[in-house]
Amino acid sequence: MVKDPKGRTEPGYSRHVFICGHERPPDASRPCCSARDSIAVMKRLKVAAKEEGISGVRVQKSGCLDFCENGISCVVYPEAVWYSIKNPDEDIPAILEHLRTGVPAESCRMKLED
Ligand code: FES
């Protein structure tokens, strides 16, 4: 039987987290998540999920999610909940709670009027 590196026999995750890692030049007309240190935030979330034993979750970098002005942009599937990570020290624990319980965090939900 074929297995992946984690010993699973079927592909897929119970939750998938994408954090935008897109980078633009400083003089671009739109901001970018990379300039807000999104890659470091993505790594922090990934390590924290692993350290807390939250299984079945994949945290990874995405390209531009097109909500650049609201970044750092983050989306969690299958709930399709969008987050705007503006204060990682508060938002990462809130998103971890979502990953642990399946209940979306309200404190950092992306609001388009922000
Ligand atoms: S640069 Fe991150 S959403 Fe566009």
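Counting convention: from 1, in listed order, for ligands and their atoms alike. FYI, the numbering just counts along the sequence from 1.
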task = Quick one: which residue pairs count as a side-chain hydrogen bond (donor to acceptor under 3.5 Å, both in side chains) with a foot in residues 28-43, not counting sequence neighbours?
result = Arg30-Asp66, Arg30-Glu69

task = Would you mind listing which atoms of ligand 1 come within a distance below 4.0 Å of any non-hydrogen atom of Arg24?
result = 1 (S)

note = Excluding water, the protein N, O or S atoms sitting under 2.8 Å from atom 2 (Fe) of ligand 1 are Cys20 SG, Cys33 SG

note = Note: Pro31 and Cys68 closest approach over all heavy atoms is O-CB, 3.4 Å

ask   = Heavy-atom count around Glu23 CD within 6.0 Å, excluding the residue itself: above 12?
value = no

ask   = Is the backbone of Gly56 close enough, under 3.5 Å, to the side chain of Ser14 for a donor and an acceptor to pair up by distance?
value = yes

Min side-chain heavy-atom separation Pro88-Arg44 under 4.5 Å = yes

ask   = Is Ile72 reachable from Leu99 through a run of hydrophobic residues whose side-chain heavy atoms are each under 4.5 Å from the next?
value = yes

